[in-house]
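What follows is a set of notes on a single structure, which appears directly below.
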Amino acid sequence: MITTVQTKTYLNYINGEWVASISNEVEKSLNPADKQAIVGYVQKSTKDDLNLAVEAAKKAKDKWRKLAGSERGEYLYKAAQILEKRIDEIAECATREMGKTFAETKGETARGIAILKYYAGEGMRKVGDVIPSTDSSALMFTTRVPLGVVGVITPWNFPIAIPIWKMAPALVYGNTIVVKPATETAITCAKIMECFEEAGFPAGVVNMVTGPGSVIGQGIADHEDINGITFTGSNGVGKRIGQAALARGAKYQLEMGGKNPVIVAADADLNLAVEAVITGAFRSTGQKCTATSRVIVAAEVYEEFKQLLVKETKGISIGDGLDSGTWMGPCASESQLNTVLSYIEKGVEEGAALLIGGKRAEEGPQANGFYVEPTIFDNCTSDMTIVQEEIFGPVIALLKADSVEEALQLANSVEYGLSASIFTANIKLLLSFVNDMEAGLIRVNAESAGVELQAPFGGMKNSSSHSREQGEAAKEFFTSIKTVFVK
Ligand SMILES: NC(=O)C1=CN([C@@H]2O[C@H](COP(=O)(O)OP(=O)(O)OC[C@H]3O[C@@H](n4cnc5c(N)ncnc54)[C@H](O)[C@@H]3O)[C@@H](O)[C@H]2O)C=CC1
Ligand SMILES: O=C(O)CCC(=O)C(=O)O
């Protein structure tokens, strides 16, 4: 029997109004902690709905662009204040939709508020430089202009922070937007839209269309009136979006997977390293592109580290993210659970030794949800699938290194380069890690996850399109530079 927690149907937000899809079809958002609980329904939109949203954003863009940056910032500041009032409700909704614990979604909502405030201030910061011309009677300077209409395609794993860290800079630099959230967390996004609506954004500046990625996401990538696309999600989808955008000359930014290593050097503080590996690998049920998935340990301390890690992992409580005693919630969906279980199976088949976990967690009420045990593999080698591919689940592959050089070589032997961390007090070693590690985010004596909103974020190799998000870096993507010469 389906237990309906809330059966509200959420609409698209187009041109300042809440509207149903032309398709008259909806999709349900399920609670991964209890698959019989429906969180609500969202619109299964069509290309025609998307066209209406793009048309509204296009119509609104000139007026929005011509406002002072400080005026645009004021709207963001108001949205931050409204989100602040609704923090518990929106965090709870995110936990219901994708499973991570309430403490995590509340922290994420607080981060969303801080991002809105940061970019509200950005509306008053400089947008160009004066550059001395070789002609002494001329004035030469740069200024920045918005791209126009920006398409925002977001995943389910950070349902509050990622849409906000894309939408806030897009808006403050003068773009109008059409956001397409992942269906799994589209209700959380609708609630963020409600905050924008209450903040009084002019009609058409902010639009949301929910629906299948293959229709609405691809539609955004292909739409000739969308001037820029910002995406976070899987590698395969990201590459397709990049190719579609490139083919029609639109600007794009892709934030994709990671296979993030932690190196534990022989001199590392092992307790600190264990704590960081546990949080980096298992918080959010491992569903972060910055999650720790490979731990490369110096041979001298391998056994001791392994024992400590397994002991701490045994203490992890799995359950509904809304229960205060839960440390780790379920996977976000059944398909995500199946992906994780199939990677675990592959690990065993390819000869890795299962130290702990490895199964679906099905005790009592967990039988109704998409739970998996935190899992650690021993005896891993670099050629194994679980060491190479992004799993997006609570799975650690342990690798032994006989030298610092081997540890670094193992760390770099994957197609991704998002985040990497090392535990050591040896300055020479940490500096060579900073220099030689192929990753956009380098962490020393800290977990691999941990993104600060005021700093650039993005990866090398196949982790991103080499652009950066957040902090001042966002300005590079969401604006174009004009060089002006006046004589
Ligand atoms: N880097 C990250 O933060 C994320 C990585 N992933 C990876 O992707 C795997 C699968 O997760 P999914 O939710 O299926 O990711 P996905 O890449 O399919 O979804 C991300 C967003 O793209 C949209 N999308 C899907 N197909 C599209 C298309 N053809 N054109 C345009 N947009 C499209 C989705 O609706 C969603 O809004 C995960 O197991 C994980 O490995 C997933 C989410 C976030
Ligand atoms: O670690 C974080 O805070 C951000 C991670 C992220 O962007 C992602 O998982 O998609």
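In this chain, residues are counted from 1 in sequence order. One-based numbering, in listed order, for ligands and for the atoms of each.
- Ionic pairing of Asp222 and Arg248 is not present here: no N-O contact between side-chain nitrogen and carboxylate oxygen is shorter than 4.0 angstrom.
- In the vicinity of Gln336, heavy-atom distances shorter than 4.0 Å reach the ligand 1 atoms 38 (C), 39 (O).
- When each atom of ligand 1 is checked for a heavy atom of Pro155 under 4.0 Å away, the hits are 43 (C), 44 (C).
- The pair Glu373-Lys359 meets the salt-bridge criterion, with a side-chain N (NZ, NE, NH1 or NH2) lying under 4.0 Å from an Asp/Glu carboxylate O.
- Going from atom CD1 of Ile229 over to atom CG of Leu246 covers 10.5 Å, rounded to the nearest 0.5 Å.
- In this structure, the protein non-hydrogen atom closest to atom 22 (O) of ligand 1 is Phe231 CE1, 3.3 Å.
- Per-residue contacts place Ile241 under 4.0 angstrom from the following atoms of ligand 1 (heavy atoms of the residue considered): 31 (C), 32 (N).
- The closest side-chain donor-acceptor pair between Thr101 and Thr326, if any, does not fall under 3.5 angstrom.
- Inclusion of Trp165 in the set of residues having an N or O under 3.5 Å from an N or O of ligand 2 is not warranted.
- At the shortest separation from atom 11 (O) of ligand 1 among protein heavy atoms lies Trp156 NE1, 3.9 Å.
- Glu476 places none of its side-chain heavy atoms less than 4.5 Å from the side chain of Ser467.
- Atom 35 (O) of ligand 1 has as its closest protein heavy atom Lys180 NZ, 3.0 Å.
- The closest donor-acceptor contact from the side chain of Gln336 to the backbone of Cys331 lies at 3.5 Å or more, if one exists at all.
- Seen from the ring of Phe158, Lys288 does not count as a face-on cation partner, given the 6.0 Å and 45° thresholds.
- In summary, Glu92 and Arg96 engage in a salt bridge, as defined by a charged side-chain N under 4.0 Å from a carboxylate O.
- Taking every non-hydrogen atom of Cys289 and a distance limit under 4.0 Å, the qualifying atoms of ligand 1 come out as 1 (N), 2 (C), 3 (O).
- Using a 4.0 Å cut-off between heavy atoms, Thr154 contacts ligand 1 through its backbone alone, with no side-chain atom that close.
- Heavy-atom contacts of Phe457 reach the following atoms of ligand 2: 7 (O) (cutoff under 4.0 Å).
- Of the protein's heavy atoms, at least one falls inside 4.0 Å of atom 3 (O) of ligand 1.
- Residue Cys289 has at least one nitrogen or oxygen atom sitting less than 3.5 Å from a nitrogen or oxygen atom of ligand 2, judged on distance alone.
- In this structure, atom 1 (N) of ligand 1 lies nearest to the protein heavy atom Met256 O, 2.7 Å.
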Please walk me through it: do Gln366 and Ile318 pass side chain to side chain contact (heavy atoms under 4.5 Å, CB included)? CA-CA 8 Å; Gln366 288 172 11; Ile318 306 170; 4.0 Å; yes
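- Close approach to Thr232 involves these atoms of ligand 1, each under 4.0 Å from a residue heavy atom: 2 (C), 3 (O), 20 (C).
- Ion pair Lys191/Glu89 flagged as a salt bridge, since at least one NZ, NE, NH1 or NH2 atom sits closer than 4.0 Å to an Asp/Glu carboxylate oxygen.
- A cation-pi arrangement is not found for Arg111 relative to Trp165, the charged atom failing to lie both closer than 6.0 Å to the ring centre and inside a 45° cone about the ring normal.
- Considering backbone and side-chain atoms alike, Thr339 places every N or O at 3.5 Å or more from each N or O of ligand 1.
- Ligand 1 does not have Phe158 within reach: every non-hydrogen atom of the residue lies 4.0 Å or more from it.
- A tilted orientation is assigned to the rings of Tyr13 and Trp18, their planes being inclined by 30° to 60°.
- Qualifying ring pair (Phe, Tyr, Trp, His ring centres under 6.0 Å) partners for Tyr343, counting only residues two or more places apart in sequence or in other chains: none.
- Every atom of ligand 2 is numbered from 1 in the order shown, and the set under 4.0 Å from a heavy atom of Thr232 is 10 (O).
- For atom 28 (C) of ligand 1, the closest non-hydrogen atom of the protein is Gly213 O, 3.3 Å.
- Distances between N or O atoms of Thr290 and those of ligand 2 include at least one value under 3.5 Å.
- Within the structure, salt bridge (charged side-chain N to carboxylate O under 4.0 Å, His left out) contacts touching residues 455-467 (residues at least two apart or in different chains) are Glu438-Lys461.
- Distances from atom 42 (C) of ligand 1 to the heavy atoms of Tyr416, Tyr343, Phe392 put Phe392 nearest.
- Heavy atoms of Lys288 found under 4.0 angstrom from ligand 1: none, in either backbone or side chain.
- Of the charged side-chain nitrogens involved, at least one lies within less than 4.0 Å of a carboxylate oxygen, so that Lys166 and Glu469 count as a salt-bridged pair.
- Protein heavy atom closest to atom 41 (O) of ligand 1, with residue, atom name and distance, is Glu390 OE1, 2.9 Å.
- Under a 4.0 Å criterion applied to the non-hydrogen atoms of Gly217, ligand 1 contributes the atoms 30 (N), 31 (C), 32 (N).
- In terms of protein heavy-atom proximity, atom 8 (O) of ligand 1 is nearest to Ser234 CB, 2.9 Å.
- Among all protein heavy atoms, the one lying closest to atom 2 (C) of ligand 2 is Val451 CG2, 3.4 Å.
- In this structure, Glu255 has no heavy atom closer than 4.0 Å to ligand 2.
- Contact annotation: for Arg240 versus ligand 1, heavy atoms closer than 4.0 Å belong to the side chain alone.
- Using a 4.0 Å cut-off to heavy atoms of Lys288, the atoms of ligand 2 that qualify are 9 (O).
- Ligand 2 has an N or O atom lying under 3.5 Å from an N or O atom of Arg111, backbone or side chain.
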Test side chain to side chain contact (heavy atoms under 4.5 Å, CB included) applied to Arg294 and Lys259, step by step: CA-CA 7 Å; Arg294 297 178 295 143; Lys259 192 68 194 171; 3.7 Å; yes
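- When hydrogens are left out, the protein atom nearest atom 23 (C) of ligand 1 is Ile153 CG2, 3.8 Å; that is the closest non-hydrogen contact.
- Distance OG1/Thr188 to CD/Glu108: 9.0 Å, rounded to 0.5 Å.
- Distances below 4.0 Å separate heavy atoms of Gln218 from the following atoms of ligand 1: 28 (C), 29 (N), 30 (N), 31 (C).
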Evaluate the side chain to side chain contact (heavy atoms under 4.5 Å, CB included) criterion for residues Ile296 and Val262: first the C-alpha distance (whole Å), next the side-chain angles of each, then the deciding distance (0.1 Å), finally the verdict. CA-CA 6 Å; Ile296 302 160; Val262 169; over 6 Å; no
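- The protein reaches atom 26 (N) of ligand 1 closely, with a heavy atom under 4.0 angstrom from it.
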